[in-house]
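For reference, the structure discussed in these notes is given below.
In what follows, chains carry the letters A, B, and so on, assigned in the order in which the sequence lines appear, proteins first and then strands, with residues in each chain numbered from 1.
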Protein chains: 2
Amino acid sequence: MSLIKLQKKIVPEIVELLELRYNILRNILYNEPIGRRSLAMKLNIGERTIRTEVNILKKQGLVTVGNIGMQLTEEGKDLIENLDNIIRELRGISELEKKLKDILNIKRVIVVPGNSDKSELVLSDMGKTTSIYIQKIIKDDCIIGITGGTTMAQVAEEMPAAKIAKNIQIIPARGGLGKDVETQSNSIAAKIAKKLNATYKLLHVPDNIDQKTLEGLLELPDIKEVVELLDKMDMIIFGIGRADIMASKRNLSKDIIKLLNERKAVGEAFGHYFDIKGNVVWKMSTIGITLESFKKIKSAIGVAGGESKAEAIMAISSLRDDITIITDEAAANKIIEIVNKATK
Amino acid sequence: MSLIKLQKKIVPEIVELLELRYNILRNILYNEPIGRRSLAMKLNIGERTIRTEVNILKKQGLVTVGNIGMQLTEEGKDLIENLDNIIRELRGISELEKKLKDILNIKRVIVVPGNSDKSELVLSDMGKTTSIYIQKIIKDDCIIGITGGTTMAQVAEEMPAAKIAKNIQIIPARGGLGKDVETQSNSIAAKIAKKLNATYKLLHVPDNIDQKTLEGLLELPDIKEVVELLDKMDMIIFGIGRADIMASKRNLSKDIIKLLNERKAVGEAFGHYFDIKGNVVWKMSTIGITLESFKKIKSAIGVAGGESKAEAIMAISSLRDDITIITDEAAANKIIEIVNKATK
DNA sequence: TGTGATTGGGTCGTATTATGACCCTGTTGT
DNA sequence: ACAACAGGGTCATAATACGACCCAATCACA
């Protein structure tokens with residue numbers, strides 16, 4: 001039996017304590033310097049509790065607290081990295097990954113602890129984990145497709161800057177311009193490309209354009225160039241969204257929303273809307289990767305977290321059995337819950 | 001950094017909790033079935049505290065509590081073994097051993113956690129640890145000398161029964177009959193011999209006999225046989241006593257006690273009284289191993305615990321630098337304290 | 001230079017928990 | 001039958017954690 005499980009058995013109290021302090025440390029690290037009250041806000045904990053805990057952490061030499069706020073000491077920063085592994089084991093993340101892999105029947109599942117719906121740090125973690133995974137499998141002369149969304153924006157944000165392979169090309173996997181520039185696939189592709197010291201192409205095409213305009217756009221050399229690359233992608237990293245939320249974000253017409261409801265769309269990825277079995281129920285008319293191309297890409301990596309994304313993840317997992325899903329604990333547990341209910 | 005140290009840093013509370021529960025579990029194991037009140041007595045803890053803790057342990061499925069008392073579950077028993085290592089690391093026993101080895105300037109030091117003055121379980125542990133160590137280094141055709149005392153009695157008690165080598169002989173390292181048969185070297189030698197499936201010889205000689213009688217006894221074939229073996233010993237396992245306490249236990253005359261005080265005797269082993277530097281200040285006139293023989297024996301293993309034995313252990317360690325000392329945490333810390341004070 | 005938003009630290013009443021000091025009843029071994 | 005021991009119940013009290021405030025100092029920004 002592992003050391004952690006052993007302790008969990010004999011001193012079960014440590015679980016909450018350890019996680020609480022871990023969260024405090026992490027939140028200080030990501031927001032330093034930060035005050036008591038702001039921290040209490042972020043963690044949804046009473047201010048006084050923060051105080052008690054921080055006093056202990058201070059006593060242990062992990063945080064310093066001055067009049068500008070609280071900061072981690074060097075020791076605290078070192079500690080937090082090792083703590084990651086403890087938390088993983090404490091929560092049984094490895095077992096969770098294995099279980100989820102079996103349930104979704106896919107090649108690889110990576111789970112980060114926490115719930116990205118409730119904590120932005122978990123979203124960061126997911127982004128970081130995705131980045132690290134990508135950097136591991138990336139090879140020379142790789143063409144990598146990227147989609148938009150807040151999750152993918154976070155991946156770009158957390159991507160460590162490092163030239164890890166030669167002649168990498170980053171391209172947006174589909175057109176579509178959201179309101180927020182930060183979460184557009186174009187911006188994200190550019191950001192990732194810069195971090196990886198790679199070249200990139202942009203795809204400036206709006207969503208939902210009519211067939212005629214589309215054909216016209218395809219004649220443009222700038223766009224044509226990218227479209228040709230779309231079929232040569234070696235890797236695609238994409239966010240997974242909820243069908244209903246994505247529909248409202250994109251201001252789809254009432255008719256289409258009705259259609260999506262009727263056909264029980266639950267998930268969205270690269271402009272395609274899927275039901276829980278992975279059937280395409282509708283797709284946006286824009287320039288971008290097709291489902292057929294998607295299925296042929298060597299490495300497909302989907303990223304999404306939060307329990308709300310559970311069904312969407314299930315839908316996308318049905319598309320290919322050699323897909324990699326990177327998600328969080330909350331989504332993983334929710335998926336397991338859904339499957340358990342269904343089989344009962 | 002090790003997992004334990006990491007946790008000690010971030011959740012320092014667990015230290016006492018873990019140790020408390022460890023002690024409770026151990027005491028239940030060694031005394032099962034045992035009641036709340038008896039247990040509280042043994043551990044010097046309030047009865048109510050035991051109740052709170054046991055409730056948690058019960059909830060965790062580590063102890064069962066019926067109307068005959070409390071017992072460990074199988075899981076609890078499994079746990080306790082792994083816990084040993086955690087406690088060792090928690091207390092930094094390895095570091096302590098290293099430090100003590102350097103201070104005493106001897107070949108090998110083994111420390112068991114706890115204080116054998118305060119807990120009989122620690123004495124058991126020391127006995128068990130000694131037994132295991134002996135069984136590791138024992139070889140075929142070995143002649144092993146044994147002394148008396150409560151510590152050595154515990155070694156015999158905890159010795160696992162196993163024939164681990166051929167043609168082993170166990171002999172008492174010196175004569176001397178105490179009041180309590182159980183702690184006489186004869187009984188202990190016999191007990192150990194039986195457990196190890198070895199042969200043994202006895203040495204029925206009283207303490208403090210005059211020279212003439214001594215010479216007479218040496219003519220007896222039974223005694224002569226053992227005495228000849230004394231010089232052929234391959235290993236000696238001996239308890240270490242405090243000079244003053246041993247003197248009073250043996251009812252030494254006031255003159256001799258005065259002498260021991262004058263010459264600053266602090267330790268006793270195999271009938272010899274030593275000052276802190278390892279000089280013999282007095283020895284009992286009886287049949288048994290001489291200091292010269294002792295220094296020639298291949299393996300010398302001294303066992304003693306409790307802070308009161310600190311100086312005695314220091315004295316005996318000065319005799320040989322290839323001696324092995326098996327002691328407990330309390331004695332180890334006390335020795336370090338004494339040396340620190342002396343060097344300041 | 002003022003002003004509002006933070007910051008850490010102080011304090012105090014209250015809720016929660018741990019603990020000590022008992023009681024009771026049942027079982028067991030003598 | 002009795003003494004010794006077992007667990008469980010109860011309650012007042014001590015220790016602790018916590019929420020809800022206050023204050024003065026500091027900082028960013030207008």
Taking atom C1' of D:dA17 as reference, at what distance in whole Å does atom CD of A:E13 sit? 15 Å
Roughly, in whole Å, what's the span from CE in B:M41 to C1' in D:dA6? 15 Å
Within the structure, does a side-chain N or O atom of B:S38 lie under 4.0 Å from either OP1 or OP2 of D:dC5? no
Any salt bridge between A:E157 and A:K191, counting N to O under 4.0 Å? yes
Expressed in angstrom and rounded to an integer, what is the separation of B:E16 atom CD from C:dT19 atom P? 10 Å
Rounded to whole Å, how long is the line connecting atom NZ of B:K58 with atom C1' of D:dA6? 13 Å
Rounded to the nearest angstrom, tell me the gap between atom CG in A:L17 and atom P in C:dT17. 14 Å
Member of B:N23, B:I45, B:I28 meeting the side chain to side chain contact (heavy atoms under 4.5 Å, CB included) criterion with B:L39: B:I28
C:dT17 P sits how many Å from B:I56 CD1, rounded? 12 Å
Go along nucleotides 19-30 of chain D 5' to 3' and tag each nucleotide: B for a protein heavy atom under 4.0 Å from its base, S when only backbone or sugar atoms are that close, - otherwise. BBBB---S----
Side-chain ion pair, A:E89 and A:K8, N-O less than 4.0 Å: no
Judged by each residue's nearest nucleotide on DNA chain C, which is more toward the 5′ side, B:T52 or A:G66? A:G66
Just the rounded figure in Å: distance from C1' of D:dA6 to CG of B:L39. 13 Å
Grab the NZ-P distance between A:K42 and C:dT6 for me, whole Å please. 12 Å
If you define the side chain from C-beta out and look only at heavy atoms, does anything of B:M152 sit under 4.5 Å from B:T130? no
